[in-house]
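One structure is given here, and the rest of the page talks about it.
Chain letters run A, B, ... following the sequence lines, proteins first, then strands; residues in each count from 1.
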Amino acid sequence: MNLADAGWWLQVGFIGYFIALNGGYLGLNVLSMASLNRYMRERGGNDATRYLGIEPSVSLLVPAYNEEATIRSSVRSMLQLQYPDFELVVVNDGSKDETLRMLMEEFALVPHPEPLRRTLPHAEIRGVYRSLTYANLRVIDKANGGKADALNAGINAARNALFCAVDADSILQRDSLLRVVQPFLDDERTIASGGTVRIANGSRVRGGFLEAAGIPRNWLARFQIVEYLRAFLFGRLGWSPMNAVLIISGAFGLFDRARVIEAGGYRHDTVGEDMELVVRLHRYHRERGIPYRIRYVPDPICWTEAPEDAGTLGRQRSRWQRGLSESLSRHAAWALGPKGGTAGWLAWPFMALFEWIGPVVELAGYVFMLFGFALGIVSPLALTVFLSVAIGMGIMLSVNGLLLEALSFRVYSRKRDIVLLFCVAVIENFGYRQLNTLWRCRGLWQWATRRKQKWGVMKRSGTWGQ
Amino acid sequence: MSFAALDPVLRFALLAALGLATISLLVMVQVLLLSQLGARRERRRERFDARWRPLLVAESLGLAADSETLPALAKRRECDWLLRLWNQVQFHLRGPAHARLNTMLCTLGLDRHALALLSRRDMRGQLTALSSLRHLGDSAYWPAIKPLVEAPGAVISLAAAEALVAIDPVRAMRRILPMAMRRRDWSRNRIDLACLHAGRDAVTQPLVDLLREPLPPWARARLLELLRHAEPRALAPWARGILERPLPEQAPARTGEHADAEARPGLERIAALRVLAALHDPADHDRILASLRDPLGAARLAAIEALRAQVMASDADALLRMLSDRNWAVRQAAADALVSMPGLDPVALSAMADAVYDRYGREAMQRALSERAR
């Protein structure tokens with residue numbers, strides 16, 4: 001095979017890959033639409049979720065590391081959640097700032113001689129505190145061990161059968177817990193359910209709750225709004241009816257505590273502990289033939305502050321890619337084995353092909369096609385087809401994410417906001433997506449070179465305040 | 001260079017790109033239209049609710065003028081909206097206010113609209129109708145609802161079951177509980193809810209009857225969980241019979257393959273202990289004490305909880321022994337039972353905690369004492 005032949009085959013390969021990538025997502029999009037339609041019908045026109053009197057008690061676990069700026073308002077807002085019976089367990093993971101002191105002052109914490117059950121391993125506990133003002137608030141102070149370690153300590157301390165892992169810098173919609181618990185009420189095989197994470201930048205936050213959703217001024221935050229819509233409304237909604245959801249965001253997910261303990265809890269040696277746990281739960285149940293369901297529900301909302309500078313965002317994306325690589329590689333033998341089920345045989349290869357190795361192929365595709373065109377190896381025709389597929393279908397997918405939003409919850413209902421989001425959906429394909437690909441390639445490099453993991457540092461805009 | 005003069009493949013590529021751009025634009029137009037239509041519908045609905053909500057409230061309080069003066073419902077959509085609003089308001093009402101709104105709905109003829117919705121294939125409409133008929137609770141609607149309990153989907157069949165419970169709990173439970181042992185797609189939580197609404201009198205006899213029937217393990221596990229809704233006195237002979245059986249020598253090995261709830265061993269002994277806990281009969285005291293030796297941790301925990309309901313000063317020794325149990329939850333429950341014993345002041349309890357030899361038991365006591373001091 002000569003150079004020209006190799007070049008031709010590479011062109012075909014890259015174009016074919018991009019068609020498969022976007023076509024795969026388009027298929028998922030169709031599934032999501034059907035799933036969303038069914039979900040909306042099953043709600044039977046009930047806009048509000050009501051107390052039924054059968055809701056199981058929930059332990060809300062909030063791991064915190066250097067969260068002095070937001071911890072008081074986060075905890076205060078979580079204590080006001082609309083749910084009949086829940087406890088809040090904040091785990092201070094050896095913060096170097098004043099997180100613990102803030103909590104002690106704000107919530108009148110006193111030491112509590114509580115023996116914790118060591119069902120899951122974690123770093124040394126320095127103290128357990130309970131609040132004199134809120135009977136359902138406890139704080140665990142422990143030596144630094146990472147987010148997974150803090151969550152394991154929280155699981156050990158939790159007193160209820162279900163636990164909900166929530167990021168300390170997130171804002172839960174007041175009824176989100178009531179909504180995310182619904183899959184557990186509807187099907188006793190449910191072992192985990194996750195809600196939607198949305199971007200809070202540009203929205204009005206007061207008293208620890210989000211009052212009105214808005215579009216931020218910062219373009220990076222705007223791009224992330226479209227990205228999150230795509231990721232949640234059709235990335236996860238499409239997999240949910242097939243019991244093949246592989247990710248429940250660490251920012252907001254509800255789990256059956258006993259099943260998580262049986263599966264071994266959160267692993268310390270990964271930066272993607274949330275995804276790794278979900279993949280492991282699939283594996284654990286599939287390998288033992290235990291009936292289970294892992295669900296995604298679109299309407300419980302957790303608002304989170306998105307990074308607004310390229311450095312923080314890039315580090316976050318690299319970390320996510322690394323976490324994804326660790327989760328997928330660790331469970332490859334199960335996924336491709338006889339007990340993979342839909343999660344292993346469909347979702348795992350999809351994620352591996354398009355999310356795991358995707359950035360490398362995408363980057364290679366862009367580099368090869370552009371340099372090849374400059375050097376005359378790639379024809380204008382091939383370049384046009386490539387760009388149509390890579391960018392044109394990318395835009396279509398983003399716009400479809402907006403369609404799902406319009407068909408369902410209409411969080412952004414103003415005409416101006418929708419037009420702006422459409423512009424964002426177009427513009428993100430010229431530069432932002434490619435930048436993202438670079439960050440993800442960096443994450444793959446970090447995974448390949450096994451760089452040491454640590455808590456992700458988030459630069460705050462400071463707009464949420466106390 | 002004209003379009004026709006281009007290479008055919010390039011022409012195709014350009015057309016494909018144009019096609020994608022057109023589809024994206026069309027989807028965007030659809031997004032805009034849907035958003036605008038949705039927003040307009042929402043505004044109309046809000047106006048409708050704003051007009052009708054005060055009327056419903058006035059009617060529920062008995063302050064409304066003649067029902068004939070109510071605004072006319074022009075379209076079918078408005079009938080649907082009113083049914084949903086009426087359902088929302090009724091959900092929070094009881095007694096005469098509830099009855100007055102029922103009368104109002106029938107006066108408006110919306111009960112017939114609800115029945116018409118039942119026969120359509122629209123799930124959203126069916127759910128709204130079932131909710132309305134549940135609030136109306138009239139036995140005249142039984143024949144229309146009954147077939148829907150057999151519907152293949154769990155959502156509609158459970159909603160229909162709840163409506164039947166509201167109409168005639170005893171008759172409904174005789175029908176629904178045996179079905180709940182066959183329909184695995186019915187969530188146990190929803191059956192729990194139906195049992196709660198039906199009440200003890202309606203639930204007890206069907207559950208007792210089911211206890212005598214051979215059931216698959218998953219259904220047996222479900223039945224045992226539902227026993228808490230029944231009258232404990234009716235279940236006492238069964239519970240005592242279970243606890244009379246000799247205890248197994250040792251706890252069954254944990255086999256991951258059968259780690260799901262329905263296959264867990266000892267469920268019957270645990271259910272029986274819960275029945276005795278609810279019964280509070282001192283005659284069962286020794287039976288409960290004997291269960292503290294059960295090899296299964298969950299059963300020992302249930303025994304402590306049953307004992308706590310009728311704890312006596314003479315049980316202190318047994319509970320103190322349980323403080324050194326190998327099971328964490330059992331130690332905590334024993335400590336809680338000890339600190340809740342009548343006649344023991346904090347000083348005596350502290351002395352008791354200090355005297356506990358086992359370190360883990362002492363920690364459990366300290367925790368329980370700290371919580372008692374709250």
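- Residues B:Arg222 and A:Glu188 form a side-chain contact, since some pair of their non-hydrogen atoms from C-beta on lies under 4.5 Å apart.
- How far CZ of B:Arg190 is from CG of A:Leu185: 5.5 Å, rounded to the nearest 0.5 Å.
- If you measure heavy-atom distances from B:Val155 to chain A, the contacts under 4.5 Å come from the side chain alone.
- Closest approach of A:Met40 and B:Arg124 over heavy atoms only: O-NH1, 4.0 Å.
- The 12-atom threshold is not exceeded at CZ of B:Arg76, counting heavy atoms of other residues, nucleotides or ligands nearer than 6.0 Å.
- Taking the side chain as every heavy atom from C-beta outward, B:Arg331 and A:Pro115 never approach each other to under 4.5 Å.
- Only the side chain of B:Leu196 comes within contact range of chain A, with heavy atoms under 4.5 Å apart.
- Remark: B:Arg120 CZ is packed, more than 12 non-hydrogen atoms of other residues, nucleotides or ligands lying under 6.0 Å away.
- Once rounded to the nearest 0.5 Å, the distance linking CG of B:Asp185 with CZ of A:Arg189 reads 8.5 Å.
- Summarising the geometry, atom CG belonging to B:Leu25 is positioned 9.5 Å from atom CD1 belonging to A:Ile395; distances are rounded to the nearest 0.5 Å.
- Of the two parts of B:Tyr360, neither the backbone nor the side chain holds a non-hydrogen atom closer than 4.5 Å to a non-hydrogen atom of chain A.
- Interface residue B:Gln332: only side-chain heavy atoms are found under 4.5 Å from chain A.
- Counting heavy-atom pairs closer than 4.5 Å to chain A, the top-ranked of the candidates B:Val27, B:Asn189, B:Asp192 is B:Asn189.
- Counting heavy-atom neighbours within 6.0 Å of B:Arg41 CZ, excluding the residue itself, gives a total of 12 or less.
- Rounding to the nearest 0.5 Å places CZ of B:Arg188 at 9.5 Å from CD1 of A:Ile54.
- Taking CD of A:Glu114 as the reference point, atom CD of B:Glu371 lies at 6.5 Å (rounded to 0.5 Å).
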Residues 418-425 of chain A side chain polar contacts: donor-acceptor under 3.5 Å, at least two apart:
none

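- Note that CG of B:Leu34 is 11.5 Å distant from CD of A:Glu405, once rounded to the nearest 0.5 Å.
- Proximity to chain B is limited to the backbone of A:Leu116, based on heavy atoms less than 4.5 angstrom apart.
- In this structure, the portions of A:Asp186 lying under 4.5 Å from any heavy atom of chain B include both its backbone and its side chain.
- Neither the backbone nor the side chain of A:Tyr292 has a heavy atom closer than 4.5 Å to any heavy atom of chain B.
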